[in-house]
Chemist: 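The structure follows.
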Amino acid sequence: MAVTTLGRSGHRLRLMNRLKPGDWLFTALVSAAAMVVLVVIGGLFYELTSGAWPSIREFGPSFAWDTTWSPSQGVFGAGSFIVGTAITSVFALVFATAIAVFVALFLVEIAPRAVARPVSYLVELLAAIPSVVYGLWGVFVLGAFIRDQLGPAITRAFGWAPFLDGTPLPTGLLNACLILTVMILPTVMAVSRDVIAAVPRSQREGVLALGATRWEMIRLAVLPYARSGIMGAAILGLARAVGETLAVTLVIGNRVGIPDSIFDPAYTMASVIANQFTEVESDLHRAALIEVALVLLVMTVLINVVARLLVWRVTKGQRAVVLE
Amino acid sequence: MTGSLFERSETLYRRRRAANRLMTGVMVLAVVVALVPLFFILFYLVTKGIGGLTLDLLTQDPNRPGRPGGGVRNAIAGSAIMVGLATAIGTPIAIGCGVFLAEYGQNRLGTVIRFLVDVMAGIPSITVGLFVYGLVVLPQKGFTAFAGALALAIILIPIVARITEEMVLLVPRSLREAAYALGAPRWRTVLRVVLPTATPGIVTGVILALSRIAGEAAPLLFTSLGNQFFSTDVFQAMDALPLRIFVYAVGPYDYWHEQAWAMSLLLVGAILVVSLIVRALFGTRVTVRQ
Amino acid sequence: MRNTGILPTEQDAARERHPAAAGQAPEPDSQAQRAALRVENLSAWYGRKLAVADVSLDIAANSVTALIGPSGCGKSTLIRTFNRMHEFAPHARVEGRVLLEGVNVYDPGIDPARVRQRIGMVFQKPNPFPTLSIAENVAAGLRFLGVRSRAEIGDRVETALKLAALWDEVRNDLKKPGIALSGGQQQRLCIARAIAVEPEIILMDEPCSALDPVATLKIEDLMRGLAERYTIVIVTHNMQQAARVSDATAFMLMGEDGAGHLIEYRPTQELFTRPQDRRTEDYITGRFG
Ligand SMILES: Nc1ncnc2c1ncn2[C@@H]1O[C@H](COP(=O)(O)OP(=O)(O)OP(=O)(O)O)[C@@H](O)[C@H]1O
Ligand SMILES: [Mg+2]
């Protein structure tokens, strides 16, 4: 090495002088920026864990299923909020996915480009509307519709069934379920569309060449191939529904307890935090709310990880940027 | 074999054709179902919001609760200040992070960071608000616009970072190699050649992220809190449009509701106009790296 | 009428078939052989781009017809118009007629799915369905034809695999995924899949280009055998292959207008030994370009 550098040492020195400071600084700066992401995520978990510590120590794991939430008695369990979140987000997941997949199929397999583009854009517009505006609309428009039309229709038709009876209140579980469905629809649709578009042409042609109709082609070539990606899209939507705050806070009615009916007011994890955090009655109350946030954080991160893995596996190199 | 398969399949074929038509119909129906809420939301935004959209709304501060009139100048200014500040804080970090992913991210560390950025994009904004509450508001013993901007910046970073990465990767290799061939060091190549080429895409990403955080209220609830007075002090509590919509939506007064609709119309209108302009200027979607 | 705007069946066609039908389209053989497919003044576009210009030819039944020509001259496009696969490309358009036993497959009211059942296709790259087993791959098209009984499906799968000369290699692995096979085996699986639905015509677009010489020879043998029962149209880059397997050969070339034209279409033997057109001669003697 010494030999090779000897003759050209002057040249090499110059080169190093020129490269070193600038490139070093540049690399250091962008690396630092990337590390911010690590720090933020780490900090989030640390901050919430330490903030929730008094509650974690006090209630232990039963916090996750205990349904008592009484600031006056100083007893806290997140059970009913977890139930509320589960009901609303699973409802949204099921209905939004069902609609979104058919829309995505329409856009990729049926619609000519001149139709697909604007329709795609319009559906994605739903994602541009702020959460609080959905909430406002849910309270004043959807709420009245549920109270006057949808609710009575449901009780008339299915009133005999558990969970579908009761008095249709304008704000309650059903309103939150419907709002969430609309809110996550664009996410599920956009990701499904990309996943479906990534199904190789050769697969479609292989089925068509056997005399399949378009729908048979979809069932035989497109859906099996895109299935895990569509699941990823759905779960990505689930993560959004679970974390959605303001719209839900406005329309869900805000009541502690396990709901008996789809019309009952309830709480989700996010909405109880939004509703109570600025008016906590004790330090333990605050810690309990932070613990709810911690549970929420862990859940959404897990859901997201699963979803991203599924979507990545299908679309691999040709992934479009998912704008959320 | 009796008769050709083709003949045997005649009746079945009619059923298959019918199924095909039916499912095509279901797809079209799904599109209608998906677009109906959009239509109704926009319809009510306009019909309920247009009446309250007055000059007063833009130029007056809120009256004492219960006294009709007044406006939401404080909220508009607050939104502008906090969104601006969040962009100033978040964009450099996000672009740096995106450049890191594109330039140095083709290894395991890059994969991890990329994954974390995606995870970060999925974190509920309310928990981000709580995080900044613990990080800034508690130690400072007060709600501040700065804290709000910080929370918004955290939401903006993953969006802009990923778009930056995609855009930098789209820059043709030949361009980069030409710069290297001239003896330009890496940092200069990136700053002078790669980033300028990627700028339109990155700008698109920043604008889209802006319109996203402009509508966020959850991260502000526990950071900037809201303020019914006009304030430009970033170390004081500050109002924002989404916060004020939230407050007025649950409030008891009719004129609040009207103003909430008007603010919503304003906000959604601004977001849509911006997104349309972005689309017109920079193409439909920020997409695809093969 | 039994026929509801779909394609006629063989009996109908046999009744309709009369000597005068062998019109002006160029024919590969002087002795009139039944034309399985008649192409009349066919032009195909991708958007504004004309890819195939005004091609007319008759494809003789129970024979192998080869399409040769330099890359980009429109061979794939032409063959894909035969079973209406062309329209699957964005902005694709076709003019002219493709007559399958007297009926234009482009007539309104004709369902392309029904056309493709009778005109099967094998692609350049083997494309077995990745989520299905070998047997399920072969049986995939049968479900469109209402074959329900397990025994019949089993029989038909076996017959198709035997015809595709794959049976002996996979008889014990029918449950294995189709993509677990070698490239050559996958291509034969795709041929079996196409055969299973009993098409009359099988279109093959460079079926051997992704395969090694041994696998290629196997498929060539297979084609000769299949020609006894089916009409085969094959696109190939390989002139030796065309000479080895085909009865008639069509030579295409991109014209000045950038579109593919049919230059010469004659029995293979003649085309390769006594080409009538200078351009054909240049091409087959390698003096092209
Ligand atoms: N999907 C498409 N969109 C637009 N143009 C196309 C498309 N497919 C093919 N073409 C054009 O049509 C012409 C004919 O293409 P085609 O694939 O039929 O040629 P080919 O003879 O099969 O070539 P090769 O031997 O390379 O397969 C070419 O000029 C090609 O550029
Ligand atoms: Mg080709």
Side-chain angles (χ1 to χ4, degrees), chain A residues 18-19 22-23 26 29-31 33-34 36-38 40-41 44 47-48 51 99 102-103 105-106 110 119 122-123 125-126 128-130 132-133 135-137 139 141 182 185 213-215 239 243 245-246 250 270 273-274 277-278 290 293 296-297 300-301 304-305 308 317-318 320-321 323-324, chain B residues 16-17 19-20 23-24 26-28 30-31 33-35 37-38 41 44 93 96-97 99-100 113 116-127 130-131 134-135 154 162-163 166 185-187 208 211 215 217-218 221-222 242 245-246 249-250 260 264 267-268 271-272 275 286-288 290:
Chain A
R18 214 176 64 200
L19 283 180
D23 272 352
F26 176 71
L29 279 177
V30 296
S31 305
V36 168
V37 173
L38 268 176
V40 167
I41 293 184
L44 239 155
E47 194 64 51
L48 293 191
I99 299 168
F102 279 109
V103 173
L105 286 172
F106 174 82
I110 308 273
V119 169
L122 285 176
V123 175
L125 265 192
L126 284 171
I129 296 173
V132 67
V133 176
L136 184 72
W137 185 78
V139 168
V141 181
V182 178
L185 185 72
T213 62
R214 222 172 252 271
W215 171 244
T245 308
L246 272 163
L250 281 168
I273 302 168
F277 193 77
T278 45
I290 295 178
L296 179 64
L297 178 69
T300 45
V301 166
N304 258 299
V305 168
R308 304 275 172 188
Q318 46 187 323
V321 184
L323 299 173
E324 285 157 291
Chain B
R16 292 167 53 213
R17 195 175 47 179
N20 187 48
M23 295 320 289
T24 309
V26 170
M27 289 178 217
V28 174
V31 171
V33 169
L35 292 182
L38 179 70
I41 290 170
Y44 279 100
I93 296 173
C97 180
V99 168
F100 174 87
I113 302 257
L116 287 179
V117 170
D118 279 355
V119 166
M120 191 170 160
I123 288 174
S125 48
I126 185 102
T127 57
L130 275 185
F131 168 51
L135 194 72
I154 291 176
R162 279 313 294 261
I163 291 179
E166 306 276 341
R186 187 167 199 165
W187 66 275
L208 290 175
S211 49
L221 284 173
F222 322 131
I245 297 172
F246 181 56
V250 293
S264 298
L267 193 57
V268 172
I271 290 172
L272 293 194
S275 99
V286 190
T287 32
V288 197
Q290 295 294 345

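Numbered from 1 within each chain, the chains take letters A, B, ... in sequence-line order. Treat the numbers as computed from the prediction; the structure is a model and nothing was measured.
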Chemist: Between B:Ser211 and chain A, which part of the residue has a heavy atom less than 4.5 Å away: side chain, backbone, both or neither?
Modeler: neither

Chemist: Apply ring pair (Phe, Tyr, Trp, His ring centres under 6.0 Å) to A:Phe106 and list each qualifying residue two or more places apart in sequence or on a separate chain.
Modeler: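 None.
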
Chemist: Counting heavy-atom pairs under 4.5 Å to chain A, which of B:Thr127, B:Val119, B:Val250 comes out on top?
Modeler: B:Thr127

Chemist: Side chain from CB out, backbone as N, CA, C, O: work out which of these in B:Leu135 comes under 4.5 Å of a heavy atom of chain A, or both, or neither.
Modeler: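 Its backbone and side chain both get close to chain A.
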
Chemist: Pick one of side chain, backbone, both or neither for A:Ala239, based on which atoms fall under 4.5 Å of a heavy atom in chain B.
Modeler: neither

Chemist: With sequence neighbours excluded, what pairs up with B:Thr24 under the side-chain hydrogen bond (donor to acceptor under 3.5 Å, both in side chains) test?
Modeler: none

Chemist: Which value, rounded to the nearest 0.5 Å, describes the distance between B:Arg162 atom CZ and B:Asp118 atom CG?
Modeler: 4.5 Å

Chemist: Counting heavy-atom pairs closer than 4.5 Å to chain B, which one of A:Leu48, A:Leu185, A:Leu125, A:Val141 comes out on top?
Modeler: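 When all of A:Leu48, A:Leu185, A:Leu125, A:Val141 are compared, A:Val141 has the most.
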
Chemist: Might you point out which heavy atoms bring A:Arg308 and B:Ala121 nearest each other, and give the distance in Å?
Modeler: NH2-CB, 4.5 Å

Chemist: Is B:Leu116 in contact with chain A via its backbone, its side chain, both, or neither, using a 4.5 Å heavy-atom distance?
Modeler: both

Chemist: Looking at every non-hydrogen atom in both residues, tell me the closest pair between A:Leu246 and B:Ala217 and how far apart they are.
Modeler: CD1-CB, 2.7 Å

Chemist: State, to 0.1 Å, how close B:Met120 and A:Val40 come at their nearest heavy-atom pair, and which atoms those are.
Modeler: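 Heavy atoms of B:Met120 and A:Val40 come nearest at CE-CG1, 3.9 Å.
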
Chemist: Check the orientation of A:Phe102 and A:Trp215. Use parallel for under 30°, tilted for 30 to 60°, and perpendicular for over 60°.
Modeler: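 A:Phe102 vs A:Trp215 ring planes: parallel.
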
Chemist: Please rank B:Pro242, B:Ser125, B:Ala19 by heavy-atom pairs under 4.5 Å with chain A and give me the top one.
Modeler: B:Pro242

Chemist: Where does A:Ser31 contact chain B at under 4.5 Å (heavy atoms): side chain, backbone, both or neither?
Modeler: both

Chemist: Below 4.5 Å from any heavy atom of chain B, which atoms of A:Ile273 appear? Answer side chain, backbone, both or neither.
Modeler: both

Chemist: Mind ranking B:Val31, B:Val99, B:Leu35, B:Ile41 by heavy-atom pairs under 4.5 Å with chain A and telling me who comes out on top?
Modeler: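 Highest number of heavy-atom pairs under 4.5 Å: B:Ile41.
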
Chemist: Only pairs of heavy atoms separated by less than 4.5 Å count here; which of A:Leu29, A:Leu250, A:Val36 has the most with chain B?
Modeler: A:Leu250

Chemist: To the nearest 0.5 Å, how far apart are CZ in A:Phe26 and CZ in B:Phe100?
Modeler: 11.0 Å

Chemist: Contact part of B:Leu221 toward chain A, heavy-atom cut-off under 4.5 Å: side chain, backbone, both or neither?
Modeler: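 It is both, since atoms from each part get that close.
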
Chemist: Highest number of heavy-atom pairs under 4.5 Å with chain B: which of A:Leu122, A:Ile99, A:Val30, A:Thr245?
Modeler: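 Looking at each of A:Leu122, A:Ile99, A:Val30, A:Thr245 in turn, A:Val30 comes out on top.
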
Chemist: Could you tell me which of B:Ile271, B:Leu38, B:Ile245, B:Val26 has the largest number of non-hydrogen atom pairs under 4.5 Å with chain A?
Modeler: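 Option with the greatest count: B:Leu38.
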
Chemist: In terms of heavy-atom pairs under 4.5 Å, which option from A:Leu105, A:Val123, A:Leu126, A:Ile129 contacts chain B the most?
Modeler: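 So the answer, after comparing A:Leu105, A:Val123, A:Leu126, A:Ile129, is A:Leu126.
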
Chemist: For a quick test of reading the model, state the closest non-hydrogen atom pair linking A:Pro130 to B:Val268 and the distance between them.
Modeler: CD-CG2, 3.9 Å

Chemist: So which heavy atom on A:Ala270 is nearest to which on A:Gly243, and how close?
Modeler: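 Looking at all heavy atoms of both residues, the shortest contact is CB-O, 4.1 Å.
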
Chemist: Measure distances from B:Phe246 to the heavy atoms of chain A and classify the residue's part below 4.5 Å as side chain, backbone, both or neither.
Modeler: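 For B:Phe246, the contact with chain A is made by backbone and side chain together.
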
Chemist: If every non-hydrogen atom of B:Cys97 is compared with every non-hydrogen atom of A:Ala34, which pair is closest and at what distance?
Modeler: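 Here B:Cys97 and A:Ala34 meet closest at SG-CA, 3.9 Å.
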
Chemist: Which bit of B:Ile154 comes within less than 4.5 Å of chain A, counting heavy atoms only: side chain, backbone, both or neither?
Modeler: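 Contact with chain A involves the side chain of B:Ile154 alone.
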
Chemist: Taking B:Val28, B:Ile123, B:Val33 one by one, which has the highest count of heavy-atom pairs under 4.5 Å against chain A?
Modeler: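 The candidate making the most pairs under 4.5 Å is B:Ile123.
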
